[in-house]
Structures are given as C-alpha cells and as structure tokens.
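Remarks on the structure that follows.
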Amino acid sequence: MAYWLMKSEPDVFGIDHLAERPDQIEPWDGVRNYQARNMMRDQMRPGDGVLFYHSNCTLPGVVGIAEIATQSRPDPTAFDPEAKYFDPKSDPDNPRWYLVDVRYVRHLKRTITLAELKEHSADLLKDMPLVRKGNRLSIMPVTPEQWNFILSLE
DNA sequence: GCCAACGTTGGC
DNA sequence: GCCAACGTTGGC
C-alpha cells in the first residue's frame with residue numbers, strides 16, 4: 001500500500017465537496033500533466049492513502065484524508081468536446097489521460113499548513129516536492145515516513 | 001533537437 | 001492581482 005498527496009482548489013472541489021458526494025466518492029478527472037497521469041495510471045491501487053491538500057486558497061495545507069477507491073481508467077472528460085478538459089488528441093482507442101476514483105475518509109482536526117510543512121523542508125520533508133519553491137505537481141508520492149510525520153502534526 | 005513564446009499553477 | 005516557476009507547444 002502506497003501513499004499520495006493530491007491537490008485541489010477548495011473553491012472548485014474541496015474536501016467538503018468530497019464528503020458530501022453520494023458514497024463520498026469522486027472521479028479525479030481533469031488531470032492533464034504527464035507525471036501526475038503516470039502515477040494515477042501505473043502506480044495507484046485501491047486502498048492507497050491520500051493526503052487531501054487545498055491549494056490556491058487563503059490557507060493552503062493538508063485538510064483531510066482520502067483513499068484511492070479504484071484502479072485507473074481513461075478520463076472520459078478528455079473525449080467530450082463540451083468538457084472543460086477536452087483534449088482532441090486523446091483518442092478512446094488510445095487514451096492519453098487517466099483518472100482514479102477517490103473516496104473520503106475523514107477531515108483532519110485542523111489544517112496542517114504549507115507554512116508548517118515548509119519548516120521541515122530541510123530535514124524530514126526535504127524530498128517532498130510540495131515544500132519546494134515553484135512546485136506545481138498536483139499529485140505526488142508520499143513515503144510512509146512522511147505520511148506518519150505529517151499526521152503526527154495534527 | 002533547440003529554444004522562445006505562451007499558458008497555467010499556486011503562493012503570497 | 002502579481003509574478004516566479006514550470007510544462008507544453010511549435011517554428012526553425
């Protein structure tokens with residue numbers, strides 16, 4: 001079982017939206033970055049743990065825990081000309097983009113802020129892309145050590 | 001294959 | 001709203 005961190009903008013789709021979904025599950029569509037795609041397509045497995053991160057907001061940070069609910073499958077929004085993330089270069093016979101379903105587990109008791117996590121960017125979290133300047137990766141692997149450490153801050 | 005231009009992310 | 005950092009695109 002592996003661990004991940006997944007970013008989302010709370011104004012668009014935050015942890016509260018996930019918790020309020022029927023079955024508390026949501027397809028993680030719209031990812032259009034190859035590194036992030038490869039992780040979803042090739043490495044994520046049902047049951048993997050997810051740190052749910054809020055980005056582009058007043059208090060960026062880890063706000064909850066989710067889990068991977070399904071194996072990856074092609075992202076249908078890439079084939080839909082009406083969809084925001086339509087990609088004419090993605091062919092149903094040879095899909096370019098993939099998604100997994102994400103299931104809500106729980107809110108954290110408080111937000112573990114990016115500022116707090118950055119305090120550990122020289123030691124415990126030094127290999128985590130999240131705490132590096134200019135990082136834009138929306139999905140990243142988390143080691144068991146990082147997972148345990150971050151949640152110990154709760 | 002190089003690289004400038006462009007668009008997006010996301011903290012602040 | 002600003003802007004640094006970065007990924008992608010497309011001309012050559």
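Letters A, B, ... are given to chains in the order of the sequence lines, protein chains preceding strands, and every chain is numbered from 1.
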Fill in: From A:Phe149 atom CZ to A:Leu125 atom CG, the distance as rounded to the nearest 0.5 Å
5.5 Å

Fill in: Between B:dC12 (P) and A:Leu59 (CG): distance, integer Å
11 Å

Fill in: Five-pair end axes of the helix from B:dG1-C:dC12 to B:dC12-C:dG1, angle between them (10°)
10°

Worksheet item: Do the non-hydrogen side-chain atoms of A:Ile25 and A:Val102 ever get within less than 4.5 Å of each other?
Response: no

Discussion item. For A:Ile150 versus A:Ile112, what's the shortest heavy-atom pair and its separation?
Written reply: O-CD1, 3.1 Å

Fill in: NZ/NE/NH1/NH2 to OD/OE distance under 4.0 Å, A:Asp75 and A:Arg96
no

Item to complete: State, with a plain yes or no, whether a side-chain heavy atom of A:Leu117 is found less than 4.5 Å away from one of A:Leu130.
Response: yes

Worksheet item: Rounding to a whole Å, what distance do you find between A:Glu9:CD and B:dG10:P?
Response: 7 Å

Response to the item:
Sorted by chain and number, sequence neighbours left out, salt bridge (Lys or Arg N to Asp or Glu O under 4.0 Å) with A:Lys89 holds for none

Practice prompt. Please state how far atom CG in A:Leu137 lies from atom P in C:dG7, giving the value in whole angstrom units.
Written response: 9 Å

Item to complete: Round to a whole Å and report the spacing from CG of A:Asn33 to C1' of C:dT8.
Response: 10 Å

Practice prompt. Decide yes or no on side chain to side chain contact (heavy atoms under 4.5 Å, CB included) for A:Glu145 and A:Leu124, but give the supporting numbers first.
Written response: CA-CA 8 Å; A:Glu145 292 77 16; A:Leu124 285 156; over 6 Å; no

Practice prompt. Using atom types as modelled and distance alone, determine if a side-chain donor or acceptor of A:Asn148 lies under 3.5 Å from a backbone N or O of A:Pro144.
Written response: yes

Item to complete: Establish, yes or no, whether a centroid distance under 6.0 Å links the rings of A:Phe86 and A:Trp97.
Response: no

Worksheet entry | Closest listed nucleotide, where the reference is the side chain of A:Gln35 and the choices are B:dG11, C:dG7, B:dG10 | C:dG7

Practice prompt. Verify the cluster assignment for A:Met6 and A:Leu99: are they in a single hydrophobic cluster under the rule of side-chain heavy atoms below 4.5 Å apart?
Written response: no

Fill in: Lys/Arg-Asp/Glu bridge criterion (N-O < 4.0 Å) met for A:Arg37, A:Asp42
no

Item to complete: For each nucleotide in nucleotides 1-6 of chain B, reading 5' to 3', give B when a protein heavy atom comes within less than 4.0 Å of its base, S when such contact involves only the sugar-phosphate, and - otherwise.
Response: ------

Worksheet item: B:dG10 phosphate, OP1 or OP2: any side-chain N/O from A:Lys7 under 4.0 angstrom?
Response: yes

Worksheet, complete the sentence: Whichever of A:Tyr34 and A:Lys133 has the more 5' nearest nucleotide on DNA chain C, that residue is A:Lys133

Worksheet item: Looking at residues 112-130 of chain A, who's got a heavy atom less than 4.0 Å off DNA chain B?
Response: A:Leu114, A:Lys118

Item to complete: Can you label the angle between the A:Trp28 ring and the A:Phe52 ring as parallel, tilted or perpendicular, going by 30° and 60°?
Response: perpendicular

Response to the item:
From CG of A:Asp11 across to P of B:dG10 the rounded distance in Å is 14 Å

Worksheet item: What residues, two or more places apart in sequence or in another chain, satisfy ring-ring contact (aromatic ring centres under 6.0 Å, His included) together with A:Tyr53?
Response: none

Discussion item. Please report the distance, rounded to the nearest Å, between CG in A:Asn135 and C1' in C:dG7.
Written reply: 12 Å

Discussion item. Any salt bridge linking A:Arg106 with A:Glu154? Criterion: basic side-chain nitrogen under 4.0 Å from a carboxylate oxygen.
Written reply: yes

Worksheet item: In residues 82-98 of chain A, what residues come within less than 4.0 Å of DNA chain B, judged by heavy atoms?
Response: none

